[in-house]
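Atoms considered below: every heavy atom in the structure, side chains included; atoms not considered: hydrogens, waters and symmetry mates.
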Amino acid sequence: MRGIKVGTAFGIPIRLNWTFLIVLPLFAYLIGSQVGMIAEVMNEVAGLGIDAGAVAAGNTPWLLGLSAAVGLFVGVLLHEFGHSLVAMRYGYEIESITLWLLGGLANFAEFPENWRHEFWIAIAGPLVSVAVGVACYGVVLVAAGGSNAVLFVFGYLALLNVVLAVFNMLPAFPMDGGRVLRALLARNQPHAQATQRAASVGKVFAFLMGVVGLFSFQLLLIVLAFFVYIAASGEAQQTTLKATFEGVTVTDVMTPREQLHTVTEDTSVTDLMSRMFEERHTGYPVLDGDELVGMVTLEDARSVREVERDAYRVDDVMATDLVAVDPTADALTALQTMQEHGVGRLPVVGGDGELVGLISRSDLMTAFNIIQTGGTPGVISGRRQQAGDEPRIL
């Protein structure tokens, strides 16, 4: 999640997503518009003795609303630091902490698969929120009989931080409670299986939150339900892919060089278009000897007017800024590279710059299906060799 960097603490960049700039004034308005009612509720629940009339007079509600909203997000930030600092003690890298529409998000470079690590990392955030709530209540006790504004803001933050901790412990994966659930499940079963089960529970809770939000007209709860459902599905899929492709390299999955159609730099665009029509291909690696020098596609060829295609060569229109992958890289790394760059295939290039193969999404999905049904990388290679005199397209 991208955002504006506003500082660094403990070596972790702190960012503000643009949605935070919308939700902060919204929260300030919602709190400020209900200051009197909130004060009366806190008086009844905790006997704080706040003068509801005083805090609701003039511009005071809006100042209190802004103060409480800022304090709430400070509590959220501390919550995320709770996760992050425990994770760093276990040796995990935290790329950043981002405040956004739904609170805070600690961006892990890699999620823990050790169940003990995940348990303590997940539970650290709610524990920090409880500690912040207790600290705020301590301020209330010290300030008893003093400023109504102090009693209101810190009383409100004491309540909200405890509510935040309890809410986050709902077993709605990937919320904190859902991660605790996965950690406990992973004690006695594979991590990927534990993730699938925790994600299923999370989706049920997401559905229930969505229903409650719909009937209570709570837009934020509906958005949270949507986020939980999508995040649970995405992480479950990613974990399954990681488990499936463990130990599988690009070489195991790729289509080798000898099964690929290629062109040279001096091929005319007219000849290229003819080959595309005859071979039903829409793209080719461009080679200089055995060295990959570019990629050319149907879109590249179309950029030249028909009457000029005899005068243009492939090296005039081909793409030379290529994203490639090493043959020894993990298969999952290749898939992630495709996702990051929005491409469907990658050339596989050796250390000497020679093209050694091509790996595509379809290669990876075929390998995934084979491995899921009990196959091995050797089976994948064998099937390709049996099918394999037919050259592959780019």
Q: Verify side chain to side chain donor-acceptor pair (under 3.5 Å) between Thr270 and Asp310, making sure each step is shown before the conclusion.
A: CA-CA 5 Å; Thr270 297; Asp310 280 326; 2.8 Å; yes
Q | From Leu141 atom CG to Phe154 atom CZ, the distance as rounded to the nearest 0.5 Å | A | 12.5 Å
Q: Begin with the C-alpha distance, continue with both residues' side-chain angles, and end with the deciding distance and a verdict on side chain to side chain donor-acceptor pair (under 3.5 Å) for Asp252 and Thr249.
A: CA-CA 5 Å; Asp252 296 324; Thr249 67; 3.2 Å; yes
(Q) I'd like to know whether CG of Asp266 has more than 12 heavy-atom contacts from other residues, nucleotides or ligands below 6.0 angstrom. (A) yes
**Q.** Cation over ring face, Arg179 and Phe111, 6.0 Å, 45°
**A.** yes
Q: State, with a plain yes or no, whether a side-chain heavy atom of Met295 is found less than 4.5 Å away from one of Leu322.
A: yes
Q.
If you define the side chain from C-beta out and look only at heavy atoms, does anything of Val140 sit under 4.5 Å from Leu48?
A. yes
Q: Nearest 0.5 Å please: distance from the CZ atom of Phe173 over to the OG1 atom of Thr195.
A: 5.5 Å
Q: Start with the C-alpha gap between Leu260 and Thr255, add the side-chain angles, then the distance that decides, and say whether side-chain contact (heavy atoms from CB on, under 4.5 Å) holds.
A: CA-CA 7 Å; Leu260 295 175; Thr255 301; 4.0 Å; yes
Q. Taking the six-membered ring for Trp, are the ring centroids of Phe227 and Trp100 within less than 6.0 Å of each other?
A. yes
Q. Does atom CH2 of Trp120 have more than 12 heavy-atom neighbours from other groups under 6.0 Å away?
A. no
Q: Any chance you could measure Asp363, atom CG, to Met254, atom CE, to the nearest 0.5 Å?
A: 10.0 Å
Q) Taking all non-hydrogen atoms of both residues, which atom of Gly82 and which atom of Ala124 are closest, and how far apart? A) O-CB, 3.4 Å
Q) Under 4.5 Å between any side-chain heavy atoms of Arg313 and Asp316, yes or no? A) yes
Q) If you group Ile, Leu, Val, Met, Phe, Trp and Tyr by side-chain heavy-atom gaps below 4.5 Å, do Ile97 and Tyr90 land in one group? A) yes
Q: Hey, could you give me the CG/CZ distance between Leu157 and Phe152, rounded to the nearest 0.5 Å?
A: 9.0 Å
Q: Step through the shown structure and confirm whether more than 12 heavy atoms of other residues, nucleotides or ligands are within 6.0 Å of CD on Glu246.
A: no
Q: In sequence, state the C-alpha distance, the side-chain angles, and the governing distance for Thr98 and Asn17, and then conclude on side chain to side chain donor-acceptor pair (under 3.5 Å).
A: CA-CA 7 Å; Thr98 304; Asn17 184 261; over 6 Å; no
**Q.** Side-chain (Thr60) to main-chain (Ala56) donor-acceptor, under 3.5 angstrom
**A.** no
Q. Side chains of Thr297 and Asp300: do they bring a donor and an acceptor to under 3.5 Å?
A. yes
Q) Taking the side chain from Thr267 and the backbone from Val263, do they hold a donor-acceptor pair closer than 3.5 Å? A) no
Q: Kindly say whether Ala329 contributes a backbone atom to a donor-acceptor pair with the side chain of Thr333 at under 3.5 angstrom?
A: no
Q) Cluster question for you: counting only ILVMFWY and a side-chain heavy-atom cut-off of under 4.5 Å, with indirect links fine, are Val323 and Val343 together? A) yes
Q) Taking it one step at a time, do Gln34 and Tyr29 satisfy side chain to side chain donor-acceptor pair (under 3.5 Å)? A) CA-CA 9 Å; Gln34 303 176 70; Tyr29 171 78; over 6 Å; no
Q: Could you tell me which non-hydrogen atom of Ile31 sits nearest to which non-hydrogen atom of Ala68, and how far apart they are?
A: CD1-CB, 4.0 Å
Q | Working for side-chain contact (heavy atoms from CB on, under 4.5 Å), residues Phe73 and Leu24 | A | CA-CA 8 Å; Phe73 276 98; Leu24 179 64; 3.9 Å; yes
Q: Output yes when Arg182 and Glu113 qualify as a salt bridge under the 4.0 Å nitrogen-oxygen rule, no when they do not.
A: no
Q. Are any of the side-chain heavy atoms of Val348 and Leu355 separated by less than 4.5 Å?
A. no
Q. Same hydrophobic cluster for Ile94 and Ile4, using side-chain heavy-atom links shorter than 4.5 Å among ILVMFWY?
A. no
Q | Check: Gly49 main-chain N/O paired with Asn43 side-chain donor or acceptor under 3.5 Å | A | yes
Q. Taking side chain as C-beta onward, heavy atoms only, is Val356 less than 4.5 Å from Pro256?
A. no
Q) If every non-hydrogen atom of Pro13 is compared with every non-hydrogen atom of Lys5, which pair is closest and at what distance? A) CB-CE, 4.1 Å
(Q) Are Thr328 and Val250 packed together at the side-chain level, in the sense that at least one heavy-atom pair is separated by less than 4.5 angstrom? (A) no
Q.
Checking the side chain of Asn148 only, and the main-chain atoms of Asp51 only, is there a donor and an acceptor separated by less than 3.5 Å?
A. yes
Q. Hey, does Val286 have a side-chain heavy atom less than 4.5 Å from the side chain of Leu292?
A. no
Q. To the nearest 0.5 Å, how far apart are CE in Met365 and CD1 in Ile370?
A. 12.0 Å
Q: Check whether more than 12 heavy atoms from other residues, nucleotides or ligands sit under 6.0 Å from atom OH of Tyr312, and answer yes or no.
A: no
Q. Counting N and O atoms only, with roles assigned by atom type, does the side chain of His79 sit under 3.5 Å from a partner on the main chain of Ser129, one being a donor and the other an acceptor?
A. no
Q) Hey, any chance Leu78 and Phe108 share a hydrophobic cluster, counting ILVMFWY side chains that come within less than 4.5 Å of each other, even indirectly? A) yes
Q: Say whether, by atom type as modelled, one donor and one acceptor occur between the side chain of Thr19 and the main chain of Leu101 under 3.5 angstrom.
A: yes
**Q.** CD (Glu306) with more than 12 external heavy atoms under 6.0 Å
**A.** no
Q: Taking atom OH of Tyr229 as the centre, report whether more than 12 heavy atoms of other residues, nucleotides or ligands fall under 6.0 Å from it.
A: no
Q) Can Arg257 and Glu354 be counted as an ion pair, charged N to O under 4.0 angstrom? A) no
Q.
Between Glu110 and Lys242 (salt bridge meaning N to carboxylate O under 4.0 Å), is one present in this structure?
A. yes
(Q) Just verifying a value: how many Å separate Asp176 CG and Ile123 CD1, rounded to the nearest 0.5 Å? (A) 9.5 Å
Q. With a 3.5 Å cut-off and no angle check, do the side chains of Thr366 and Asn369 form a donor-acceptor pair?
A. no
Q: Might you point out which heavy atoms bring Ala236 and Gln196 nearest each other, and give the distance in Å?
A: O-NE2, 3.6 Å
**Q.** Minimum heavy-atom distance between Ala39 and Val55, given as atom pair plus value
**A.** CB-CG2, 4.1 Å
(Q) For a side-chain contact (heavy atoms from CB on, under 4.5 Å) check, start with the C-alpha distance between Met318 and Val293, then their side-chain angles and the critical distance, and finish with the verdict. (A) CA-CA 9 Å; Met318 70 183 184; Val293 293; 4.1 Å; yes
Q: Kindly indicate whether the side chain of Pro171, heavy atoms from C-beta on, has any atom under 4.5 Å from the side chain of Val180.
A: no
**Q.** Backbone of Ala165 reached by a side-chain donor or acceptor of Asn168 within 3.5 Å
**A.** no
Q. For the hydrophobic clusters of this structure (ILVMFWY residues joined by side-chain heavy atoms under 4.5 Å, transitively), does one cluster hold both Val45 and Tyr156?
A. no
Q. With a 6.0 Å cut-off on ring centres, are Tyr92 and His117 close enough?
A. yes
Q.
Within the supplied structure, the quantity of interest is the number of heavy atoms (other residues, nucleotides, ligands) at a distance under 6.0 Å from Gln237 CD; does it exceed 12?
A. no
Q: Please confirm whether Arg275 makes a cation-pi placement over Phe277, using NZ or CZ under 6.0 Å from the six-membered ring centre and within 45° of the ring normal.
A: no
Q. Where do Leu221 and Gly213 come nearest, in terms of heavy atoms and distance?
A. CD2-N, 3.6 Å
